Number of protein chains: 2
Amino acid sequence: MKRPTLLHVAQKAGVSRATASLVVRGSSLVSAATRKRVEAAMVELGYVYNLGAAGMRASRSRTVGVIVPDLTNPFFAVLLAGIEAALETAGLAVVLANSNENVEKQNGFIRRMREHGVDGLIVCPAEGTEKALVEDAARWGMPLVQALRFVRDTVSDYAGTDYRGGMLEATNHLIALGHRRIAFINGNREHSGRTDRLEGFLAAMDGGGLEPLFVLELQLTHRAARAAALEIMHRPDPPTALICFNDVVGLGLHRGLCDLGVEIGRDVSLVGFDDVAEADLIRPALASVATEPFKVGQSAARLLLRRISEPDAEFRHEIEPTRFVLRRSCGPAPSQA
Amino acid sequence: MKRPTLLHVAQKAGVSRATASLVVRGSSLVSAATRKRVEAAMVELGYVYNLGAAGMRASRSRTVGVIVPDLTNPFFAVLLAGIEAALETAGLAVVLANSNENVEKQNGFIRRMREHGVDGLIVCPAEGTEKALVEDAARWGMPLVQALRFVRDTVSDYAGTDYRGGMLEATNHLIALGHRRIAFINGNREHSGRTDRLEGFLAAMDGGGLEPLFVLELQLTHRAARAAALEIMHRPDPPTALICFNDVVGLGLHRGLCDLGVEIGRDVSLVGFDDVAEADLIRPALASVATEPFKVGQSAARLLLRRISEPDAEFRHEIEPTRFVLRRSCGPAPSQA
DNA sequence: CTGAAAGCGCTTACAG
DNA sequence: CTGAAAGCGCTTACAG
């Protein structure tokens, strides 16, 4: 009933424990014949390598901590899938935690991950995360990569998406279509992804010699966006184009505008962000900015692997480019009356 | 630079290592004064508990392996969120793996999880998983819970959703609306979730004295479903109602039917499954069957915790009920010509 | 290419 | 309430 150990394997194979250990780790110091014998013994006994014991001696766990702010958001789920895929290729397991945008929970998880002895940490910092996240990790000698969000004024590896460039491109597109009264419908979460997007929007407007019509902040739910349509369109000077923080807002607004009888793509143009599958299912289809969370995840994992093996390498930021996807929700600005 | 150990803490506090160990574990055998001294020493040294070393001695890792078939599917992501939430409350960390519906990868992950010494396993069996999954776990004494899918003819704990009941209710609803020519648009993945749904559909049809018009199997993508609309509606005897494996199929068909100029809810009724957020955003809104993956995840975690603490408890199946959500995509059967 | 010894950081009885 | 000793299952030098 008890799990066999390397010692049992060694005895059965008639070698010492050290030799058996070399076999498990695939060392070339062992003769083929001995290896065969040891491997046969392992199979026969149903031996399972004990990574915990091995890690204790070698002081690594072959384990990486990943902390995301919201697993139910498909965007983070896909990011996680990318991280997992790349890490698993390297033989590292993911220890997962969901901070729920709560910095204290996040800190608790980081502590627990340290107790588990993870070899490194990938964190999408929860809203309100402070510099201490990065400074502490450096002090502990814990390899750390920030993903998708970057705590201001910190120094660490980072894998993200070009929020700024994506918004810039989308806004430029609207300007080229002749729109002048363009509003930005932002999220209400305080993190770098939000700032970067707003910056991209403002830069494009500025480049076109335009003033933003207004910037509205919404809760990031379909419901809130849908409800906001009325307020947005009933302003004295309504926008001819709306550019949204993400597709959740974009899809919600789409529905809200339809409810109001507004014809999207003619009366008002609408652009989302993320290019979720549903953007292409509704009618008129929602123009959006495609990001690649899976790739961002892979790149975060690669950065961490590099940091683990070269603790003193220069810090790197890998920014995945975005791609504007034009669809029917965007049309030329209505001719002025 | 080196991480302080319990021995350092003990020396600094002037106690033995065993006493320090009692303090870390919150034992009541230590006097308040001693506890204070030890805790102060821990803070001062920046001591971090080493769960790996502790687990090795106590032979548990405070870690649970979770294997899902597809992280990019929001349904599994939310399931995972539920598992994580419940496990984290109990102080257990999740070691995550994504099988990609690949049984061999799944087996590889299970082996690795054993090497990591997880205290238990929650698995959504990949398509084609055999009984060995459950039998092996039993032989190893590894606590195992199956989630969302159940390998036929196995005996283990299980947390799932009432696929059968949900389909039964939805189909009955269509029958009550006067539909007779009802088709089932199934997925092409071989697992219990698919069989259960089909069973529910067939049972309802049988109960209504009806023959299924036909059962179609599709790849589970928006694209495939969208493309299938033409074939479905151009049959000699087209359906008046379609009931879909899930909302991916439902949303794709919705779009495909719109493309054909079919008026959904009047010419043909359409029902999805899962009730994703987008079902309520498209027009006409898609009737669907709401499931609760987060709750299923929580219940899977609870079952596992119970199995870990009571290895010999009777096996339990917890089936979360579903809820039919009527929307405009469903209407009375068109009157016969 | 293989073996004997020490040690990774903790917990577990067992004494006192 | 506290301490000395053994051991969890491995790896790491060091010899040979």
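Please read all numbers here as calculations on a predicted model, not as lab measurements. What's counted below: heavy atoms across the whole structure, side chains too, no hydrogens, waters or symmetry copies. Naming convention: chains lettered A, B, ... in sequence-line order (proteins, then strands); numbering from 1 in each chain.
Distance, A:L29 CG to C:dT2 P: 9 Å, rounded to whole Å. A:R60 has its CZ atom 14 Å from the P atom of D:dC10, to the nearest Å. Rounded to an integer number of Å, the gap from CZ of A:R17 to P of D:dA13 is 16 Å. For the pair B:N50 CG and C:dG7 C1', the computed distance is 14 Å after rounding to whole Å. Regarding B:H8, its NE2 atom lies at a distance of 12 Å from the C1' atom of C:dC8, rounded to whole Å. The interatomic distance linking A:L22 (CG) with C:dA4 (C1') rounds to 14 Å, in whole Å. Summarising the geometry, the separation between CZ on B:R3 and P on C:dG9 is reported as 9 Å, rounded to the nearest angstrom. Distance A:L51 CG to D:dC8 C1': 15 Å, rounded to the nearest Å.
The line from CE of A:M113 to CZ of A:R111 is 14.0 Å long, rounded to the nearest 0.5 Å. Separating the OG1 atom in A:T63 from the NE2 atom in A:H116 is a distance of 9.0 Å, to the nearest 0.5 Å.
Considering only side-chain atoms of B:R57, the nucleotide from C:dT2, C:dG9, D:dG7 that sits closest is D:dG7. The side chain of B:L6 has C:dT11 as its nearest neighbour among C:dT11, D:dT2, D:dC10. Of the listed nucleotides (D:dG9, D:dT11, C:dT11), D:dT11 has the atom at the smallest distance from the side chain of A:Y49.
Contact between the side-chain N/O atoms of B:S21 and the OP1/OP2 oxygens of C:dT11 is found at a separation under 4.0 Å. For B:R25 and C:dT12, the shortest distance from a side-chain N or O to OP1 or OP2 is below 4.0 Å. At the phosphate of D:dG3, OP1 or OP2 sits under 4.0 Å from a side-chain N or O atom of B:S16. Contact check, B:T34 against D:dT2: a side-chain N or O comes under 4.0 Å of OP1 or OP2.
When every heavy atom of B:R307 is checked against every heavy atom of B:F315, the shortest pair comes out as NH2-CD2, 3.4 Å.
Remark: B:R194 fails to qualify as a cation-pi partner of B:Y163 under the 6.0 Å distance and 45° angle criteria applied to the six-membered ring.
In this structure C:dA13 sits in no base pair that meets the Watson-Crick or G-U test at under 3.5 Å. In this structure, D:dA4 makes no Watson-Crick or G-U wobble pair, since no nucleotide meets both defining distances under 3.5 angstrom.
Mapping B:R37 and B:A58 onto DNA chain D by nearest heavy atom places B:R37 at the nucleotide closer to the 5' end. Along DNA chain C, the nucleotide closest to B:A18 and the one closest to A:R35 are compared, and the more 5′ of them pairs with A:R35. When each of B:M56 and B:V15 is assigned the nucleotide of DNA chain D bearing its nearest heavy atom, the one mapping closer to the 5' terminus is B:V15.
Using modelled atom types, no side-chain atom of B:N100 and backbone atom of B:N102 make a donor-acceptor pair closer than 3.5 Å.
Between A:Y47 and A:L6 there is a side-chain heavy-atom pair separated by less than 4.5 Å.
As judged by a 4.0 angstrom heavy-atom cut-off over every strand, A:A54 is placed among residues touching the sugar-phosphate backbone only.
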